[in-house]
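Notes to accompany the following structure.
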Amino acid sequence: MIGFARCREGGLAALDIALAQALHSAWPAADDDALLLAALASWAVAQGHSGLDASLLRAHAHALFADAAEAARVIDLLDAPIPAAPFIGRAEDVQTPLVVEAGRAWLRRYWRYEREIEDDLRARAALVAALPDPARVRAELDRLLPPASDEGTDWQRVAAVVALRSPLAVICGGPGTGKTFTVLRVLVLLQCFAASPLRIALAAPTGKAAQRLGESVRAGLDALDPGSELRACLPHEATTLHRLLGFRPQAVDPRHDRARPLDLDVLVVDEGSMVDLPMMARLLRALPASARLILLGDPDQLPAVENGAVLATLATCNHDNTFSPGASRWIGAASGEQVRVDASRTTLADGIVRLERPRRFGGDSGIARLVRAIRLGDAERVFDVLAGSDDITWHAAPRRFDGAEGVAALRAAHADLLAARTPGEALAALGRFRLLCALREGPSGVAGLNLAVGTALHGAQARDTLHAGRPILVTRNDAALGLYNGDVGILFGEAPAAPLRAWFARNDGELRACVPAQLPVFESAYAMTVHKAQGSEFDTVDLVLPSKPHPLLTREWLYTAASRARRRLVIEGSREVIAAALARPVERFNGLDFASPRGTAQETL
């Protein structure tokens, strides 16, 4: 059955083949090539793509097919005529599990997600309501965000009035450009011009990102001091998207959807690059059409682990901060800033702004210059910065951590954690330093580094799963305990002779504890993958690269890793490995198209 003998062993996963076999069981007369196409569409989803096209097949031909001739033949299947099978059809054939059109193939579920997201975001962007007098807006903005003294457009002011104007606002920016700083001013501005208190929620894809967003907003409120009445209208905590939507154990769909929408006027979603295609579709279903949506994120970071790259695709709609003639007039008048006009800009593009000034670290710091060079893929500049920056240390020959010198280095790096006397001090120390890596296994991966650090800090005691001072990373959700995949805690006694507890920082900044026996699945958190650390920041990051180039190490991975550091970055990796990562940008098949109108997706998903 099916010509899988012509596929390379290990190219297709068991799940992909199982899908083809299930379709064959339902339709025994189905064409073999059609079944193979279905298996390949399943393979694409597993690789993080939303679907399949010829360029994706060409890029992976060596891994999927036994010879070049077979690869070319299968690529031709995406062109007309479509292989004959009752489970393949065009977009309008609503019952077929596989959609093939315009030289592309999708599992219908993912085709539906994309069309639904396109339709929803276009509709939201088109709902520009009556706008307040720009002079009044500018007066409020001058109080909240005084004009910058230096020359050039202050894009934070522009972003604030764009978000006031557009029901869909996308505020993009690199690390430390002030996205959360800006969105707090946006919320105050929205409330100032609202007739009644707004129902506002803050959310992020992971627990750590939600915690950071909440911390940033609370700190910003203290600094801004908007007054007790206005402060009471503004949110003080953030939640994960899972909690916001009400996902339940053993349930496929969340509590909130079109029939049971969220009771909100404004929703802010941070770390938008981490929101995958299915989650974005579910979020938009649950958000009332009348509600404002503000997406924050860095389109140059790693995309979501699962399928799709929604934020990155949205950002391309306005890559140079230009606006349509009508929008630019009001935005310029309300912000007091010079903005450029592009008559081709759509209503969707008019809601997108990219912040350009790094504020977390100085624009001329080594980390800032490194992050910019990585984003551009400029290898020469990257190595110049690595070799000549006060806040970056580069070990081109990675250090070993299993000898006396390595143990001493690990103990020095974790001195604050070793000196902690309370759970709060220990959690604070974890926020100041972290080892980051790419791989799960091996001496330079999570498993090897966690073992090395645990042994260096605690000796033989590290072999005990439960011992004081062990940082832990939750890897499975437990809604009853309020713990979710990605939450970081510390095993510690409340007092020297007190029983061991697992301590976590709550979204409001307070600590909570649980009995270790109650914990969901967890692992040590001395070292984390960059994917797990996305949404987090540390004063110092020690980035440990594998000894050889690896497919997981991409330009976006390196960019995300370097931008986790606030003040100091240590990179342990050879020139060869770094150069290979810079030369390998993430490639995701993405069928989202916000530029050209389509028919509305009417199917029930």
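Only heavy atoms go into these numbers, but all of them, side chains included; no hydrogens, no water, no symmetry mates.
- Using a 4.5 Å heavy-atom threshold, the side chains of Glu116 and Leu284 count as separate.
- Salt bridge status for Arg212 with Glu215: absent, with no side-chain N to carboxylate O gap under 4.0 Å.
- The shortest non-hydrogen separation linking Leu12 to Ala39 is CD2-O, 4.0 Å.
- Taking the six-membered ring where the residue is Trp, His60 and His49 present perpendicular rings, their angle passing 60° and hence far from 30°.
- In this structure, Leu314 CG and Leu592 CG are separated by 8.0 Å, a value rounded to the nearest 0.5 Å.
- Both the sub-6.0 Å distance and the 45° axial angle are not jointly satisfied by Arg108 relative to the ring of Tyr110.
- Shown here for Leu245 and Pro254, the closest heavy-atom pair between the two residues is O-CB, 3.3 Å.
- A salt bridge (charged side-chain N to carboxylate O under 4.0 Å, His left out) check over residues 311-333, counting only residues at least two apart or in different chains, returns the pairs Asp320-Arg345.
- Val137 has its side chain out of reach of Asp133: every pair of non-hydrogen atoms, C-beta onward, lies at least 4.5 Å apart.
- Pro261 has its side chain out of reach of His256: every pair of non-hydrogen atoms, C-beta onward, lies at least 4.5 Å apart.
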Can you list the steps and then say if Val186 with Ile294 is a side-chain contact (heavy atoms from CB on, under 4.5 Å)? CA-CA 10 Å; Val186 168; Ile294 304 173; 3.7 Å; yes

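- Nearest heavy atoms, Arg157 versus Leu145: NH1-O, 2.5 Å.
- Between Leu473 and Asp487, every side-chain heavy-atom pair lies at or beyond the 4.5 Å cut-off.
- Remark: Arg476 CZ is loosely packed, at most 12 non-hydrogen atoms of other residues, nucleotides or ligands lying under 6.0 Å away.
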Any chance you could lay out the side-chain contact (heavy atoms from CB on, under 4.5 Å) test for Phe193 and Arg136, step after step, and finish with the verdict? CA-CA 9 Å; Phe193 288 96; Arg136 287 184 57 213; 3.5 Å; yes

N/O donor to acceptor pairs below 3.5 angstrom from side-chain atoms of residues 159-174, sequence neighbours left out:
{"from": "Ser166", "atom 1": "OG", "to": "Leu168", "atom 2": "N", "distance (Å)": "3.2"}
{"from": "Ser166", "atom 1": "OG", "to": "Leu168", "atom 2": "O", "distance (Å)": "2.5"}

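- Few gaps surround CD on Glu523; more than 12 heavy atoms of other groups in view lie less than 6.0 Å from it.
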Mind listing the side-chain donor-acceptor pairs of residues 273-281 below 3.5 Å, one per line with the distance, residues two or more places apart or on another chain?
{"from": "Asp276", "atom 1": "OD1", "to": "Met279", "atom 2": "N", "distance (Å)": "2.8"}

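- The shortest side-chain heavy-atom distance between Leu436 and Arg434 falls under the 4.5 Å cut-off.
- Each salt bridge (charged side-chain N to carboxylate O under 4.0 Å, His left out) pair with one or both residues in residues 309-318, not counting sequence neighbours, would appear here, but there are none.
- A donor-acceptor pair is defined here as one N or O able to donate and one able to accept, closer than 3.5 Å; no such pair exists between the side chain of His319 and the backbone of Cys317.
- Inspection of the Gln338 and Thr153 side chains reveals no N or O donor paired with an N or O acceptor under 3.5 Å.
- Side-chain N or O atoms of Glu337 include one that pairs as donor or acceptor with a backbone N or O of Asp154 at under 3.5 Å.
- Remark: side-chain polar atoms of Glu556 are paired, donor with acceptor, to backbone N or O of Val586 under 3.5 angstrom.
- In this structure, Arg512 and Leu483 have side chains that are in contact, with non-hydrogen atoms separated by less than 4.5 Å.
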In sequence, state the C-alpha distance, the side-chain angles, and the governing distance for Thr554 and Leu302, and then conclude on side-chain contact (heavy atoms from CB on, under 4.5 Å). CA-CA 9 Å; Thr554 63; Leu302 279 167; 4.2 Å; yes

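- One finds the OG atom of Ser50 at 14.0 Å from the CZ atom of Arg109 (value rounded to the nearest 0.5 Å).
- For the residue pair Gln301/Ser563, the side-chain donor-acceptor check at 3.5 Å is not satisfied.
- Considering all non-hydrogen atoms of both residues, Ser324 and Asp350 come closest at OG-OD2, 2.6 Å.
- Of the residues Leu244, Leu202, Ile200, the one that meets the side-chain contact (heavy atoms from CB on, under 4.5 Å) test with Leu267 is Leu244.
- Under a 4.0 Å N-O distance rule, the pair Arg566/Glu537 qualifies as a salt bridge.
- Side chain of Arg588 to main chain of Pro303: no donor-acceptor pair is present (N/O by atom type, distance under 3.5 Å, no hydrogens or angles).
- Between the side chain of Arg584 and the main chain of Leu553, a donor-acceptor pair closer than 3.5 Å is present.
- For the atom pair Phe522 CZ and Thr475 OG1, the distance stands at 9.0 Å (nearest 0.5 Å).
- When every heavy atom of Ala561 is checked against every heavy atom of Val530, the shortest pair comes out as CB-CG2, 3.6 Å.
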If you apply the rule side-chain contact (heavy atoms from CB on, under 4.5 Å), what do you find for Val371 with Tyr559, and how did you get there? CA-CA 6 Å; Val371 166; Tyr559 173 92; 3.3 Å; yes

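- When side chains are defined from C-beta on, Arg143 counts as touching Glu140, because their heavy atoms get closer than 4.5 Å.
- Salt bridge present: Asp120 and Arg124 bring a charged side-chain N and a carboxylate O closer than 4.0 Å.
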For the pair Arg375 and Asp298, evaluate salt bridge (charged side-chain N to carboxylate O under 4.0 Å, His left out) and give the outcome as yes or no after the intermediate values. CA-CA 11 Å; Arg375 181 166 67 87; Asp298 185 349; over 6 Å; no

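- Within the structure, every pair that satisfies the side-chain hydrogen bond (donor to acceptor under 3.5 Å, both in side chains) test and touches residues 35-47, not counting sequence neighbours, is listed here: Asp16-Ser42.
- No side-chain donor from either of Glu101 and Trp106 sits under 3.5 Å from a side-chain acceptor of the other.
- Residue Leu283 holds its CG atom at 12.5 Å from CG of Asp257, rounded to the nearest 0.5 Å.
- Annotation for Arg231: atom CZ counts as buried by contact number, over 12 foreign heavy atoms lying within 6.0 Å.
- With a 4.5 Å cut-off on side-chain heavy atoms, Leu224 and Phe181 do not count as touching.
- Ile352 and Asn321 get closest at one heavy-atom pair: O-OD1, 4.3 Å.
- Once rounded to the nearest 0.5 Å, the distance linking CZ of Arg564 with CZ of Phe538 reads 8.5 Å.
- Pairs passing the side-chain hydrogen bond (donor to acceptor under 3.5 Å, both in side chains) check and including a residue from residues 194-207, sequence neighbours excluded, read Arg199-Asp263, Arg199-Asp265.
- Note that CD of Gln156 and CG of Leu141 are 10.0 Å apart. Values are rounded to the nearest 0.5 Å.
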